[in-house]
Amino acid sequence: MHADVNERVVVATQTAPWLATADGGGACKPLDSLAGGAGTTSLVQAPAGAMFAPPGGALGEEILVLDGTLTDARGVWRAGTYLRNPLGAELALHSEAGCVLFIKRYAFDAEDTAVVRLDTASMQWLPGLVPGLAVMPLHQHAGEHAALVRWQPETFFQSHAHFGGEEILVLDGVFEDEFGRYSAGSWLRSPHMSRHQPFSREGCTIFVKVGHLGAG
């Protein structure tokens with residue numbers, strides 16, 4: 001599903017159906033499954049008491065808690081928390097009360113070994129590159145960057161290209177570019193060196209990743 005990272009993909013997850021997971025204990029909305037087992041991206045809805053299996057293979061996992069709580073040996077993580085578990089982290093995850101997660105499982109760089117737990121609700125927003133834009137950096141390694149970006153209404157950014165691609169999950173409001181309007185829940189994946197000119201007339205908050213989709 002959407003296996004070719006050289007194609008542009010837009011998924012309106014708001015209208016996509018929840019599908020039963022293989023164990024029947026929850027539901028998911030698959031977003032991509034990359035060729036050769038290189039990774040998957042999905043929304044996951046887990047009931048109270050759910051246990052999460054580790055990714056397996058040579059994959060790490062990156063998680064944004066969208067609703068509910070997620071628990072591991074380090075603590076209980078509420079909505080808004082950003083987590084990264086590199087290969088070999090061996091941190092068992094479960095949810096006592098149930099949760100909704102955005103999960104990416106993919107091959108981290110071998111030197112990207114940081115275990116990350118960030119409660120974004122308590123973090124500071126930094127000024128962006130243009131007026132009306134605020135940024136909350138979440139993780140950076142080599143050319144890969146992950147952040148939350150908040151757009152005030154009537155904020156416009158310059159046209160730019162994405163080395164290593166770009167991936168966006170719209171968390172609230174409406175994000176836009178010259179190709180369309182993307183309301184809360186929309187997921188976008190753009191390939192290496194793709195170009196667009198983003199803006200938001202209504203204001204929005206997005207999760208954005210760049211530099212992780214390879215160079216062709």
Side-chain angles (χ1 to χ4, degrees), residues 2 5-15 31-32 41 43 62-67 77-84 100-104 106 109 112 114 116-216:
H2 302 144
V5 296
N6 295 304
E7 69 170 344
R8 182 177 186 267
V9 180
V10 178
V11 178
T13 72
Q14 317 91 305
T15 57
L31 302 176
D32 71 15
T41 305
L43 295 177
E62 178 178 47
I63 299 172
L64 188 63
V65 182
L66 302 178
D67 190 34
W77 311 108
R78 60 179 173 170
T81 300
Y82 172 81
L83 306 90
R84 285 179 71 90
V100 178
L101 309 173
F102 173 72
I103 302 181
K104 289 189 63 63
Y106 65 104
D109 185 285
D112 187 2
V116 178
R117 300 288 186 272
L118 297 176
D119 179 3
T120 66
S122 62
M123 292 172 60
Q124 182 179 3
W125 291 93
L126 305 177
L129 294 177
V130 298
L133 207 64
V135 179
M136 185 183 294
L138 300 175
H139 183 72
Q140 176 179 340
H141 178 81
E144 179 181 337
H145 299 260
L148 297 182
V149 181
R150 178 172 289 170
W151 300 67
Q152 295 299 324
E154 298 299 326
T155 297
F156 295 80
F157 200 73
Q158 62 264 33
S159 177
H160 61 283
H162 304 293
F163 189 93
E166 181 188 57
E167 186 172 345
I168 289 172
L169 178 66
V170 183
L171 301 176
D172 62 49
V174 180
F175 178 74
E176 300 179 70
D177 62 15
E178 65 269 42
F179 305 113
R181 287 169 48 88
Y182 317 101
S183 56
S186 298
W187 177 76
L188 300 81
R189 194 188 70 195
S190 300
H192 171 63
M193 295 311 294
S194 58
R195 177 175 289 274
H196 73 157
Q197 186 167 6
F199 58 94
S200 181
R201 292 191 176 92
E202 300 174 36
C204 64
T205 305
I206 63 174
F207 170 75
V208 59
K209 284 180 63 66
V210 296
H212 62 299
L213 295 173

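- Side-chain contact between Leu83 and Arg117: present, with at least one pair of heavy atoms (C-beta onward) separated by less than 4.5 Å.
- Between Glu62 and Tyr82, the closest side-chain pair of non-hydrogen atoms falls below 4.5 Å.
- By the 4.5 Å heavy-atom criterion applied to side chains, Phe207 and Leu138 are counted as neighbours.
- With a 4.5 Å cut-off on side-chain heavy atoms, Val65 and Arg78 do not count as touching.
- His139 and His141 have parallel rings, their planes meeting at less than 30° on a 0 to 90° scale where 60° marks the start of perpendicular.
- Contact detail for Val5 and Pro191: the closest heavy-atom pair is O-CB, 3.2 Å.
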Working note: Asp112 + Arg84, criterion side chain to side chain contact (heavy atoms under 4.5 Å, CB included); need CA distance, chi angles, decisive distance, verdict.
CA-CA 10 Å; Asp112 187 2; Arg84 285 179 71 90; 2.8 Å; yes

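- Looking only at side-chain heavy atoms (C-beta outward), His160 and His196 come within less than 4.5 Å of each other.
- Once rounded to the nearest 0.5 Å, the distance linking OG of Ser194 with CZ of Arg189 reads 10.5 Å.
- Looking at Phe163 and Val210, their side chains never come closer than 4.5 Å, going by heavy atoms from C-beta outward.
- With hydrogens and angles disregarded, a donor-acceptor distance shorter than 3.5 Å links the side chain of His2 to the backbone of Leu31.
- Looking at Glu144 and Lys104, no side-chain N of the basic residue comes within less than 4.0 Å of a carboxylate O on the acidic one, giving no salt bridge.
- Using modelled atom types, one finds a donor on one side chain and an acceptor on the other under 3.5 Å when comparing Arg195 with Ser159.
- Side-chain atoms of Ser190 do not come within 3.5 Å of backbone N or O of Arg8 as any donor-acceptor pair.
- Considering CG of Leu133 and CZ of Arg150, their distance stands at 11.0 Å, rounded to 0.5 Å.
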Walk me through whether Val9 and Asp32 qualify under side chain to side chain contact (heavy atoms under 4.5 Å, CB included).
CA-CA 9 Å; Val9 180; Asp32 71 15; over 6 Å; no

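- Side-chain atoms of Leu171 and Leu66, non-hydrogen and from C-beta on, do get closer than 4.5 Å to each other.
- Of the possible polar contacts, one joining the Gln14 side chain to the Ala184 backbone as a donor-acceptor pair under 3.5 Å is found.
- In this structure, Gln197 and Phe157 have side chains that are not in contact, with every pair of non-hydrogen atoms separated by 4.5 Å or more.
- Here the CH2-CD1 distance, from Trp187 to Ile206, works out to 14.5 Å after rounding to the nearest 0.5 Å.
- Atoms OH and OG1, on Tyr106 and Thr41 in that order, are 9.0 Å from each other to the nearest 0.5 Å.
- You'll find the ring centres of His212 and His145 outside the 6.0 Å limit.
- Ser200 contributes no side-chain N or O that, together with a main-chain N or O of Thr155, makes up a donor-acceptor pair within less than 3.5 Å.
- Between the side chain of Thr205 and the backbone N or O of Asp172, no donor-acceptor pair lies under 3.5 Å.
- Side-chain atoms of Glu167 never come within 3.5 Å of backbone atoms of Lys209 as a donor-acceptor pair (strictly under, hydrogens ignored).
- The aromatic rings of Phe175 and Trp151 lie perpendicular to each other, with more than 60° between the two planes, well past the 30° mark.
- Surrounding CD of Gln124 are at most 12 heavy atoms belonging to other residues, nucleotides or ligands under 6.0 Å away.
- For the side chain to side chain contact (heavy atoms under 4.5 Å, CB included) with Tyr182, the qualifying choice from Val11, Val174, Ile168, Asp177 is Asp177, the only one to do so.
- Residue Leu118 holds its CG atom at 10.5 Å from CG of Leu64, rounded to the nearest 0.5 Å.
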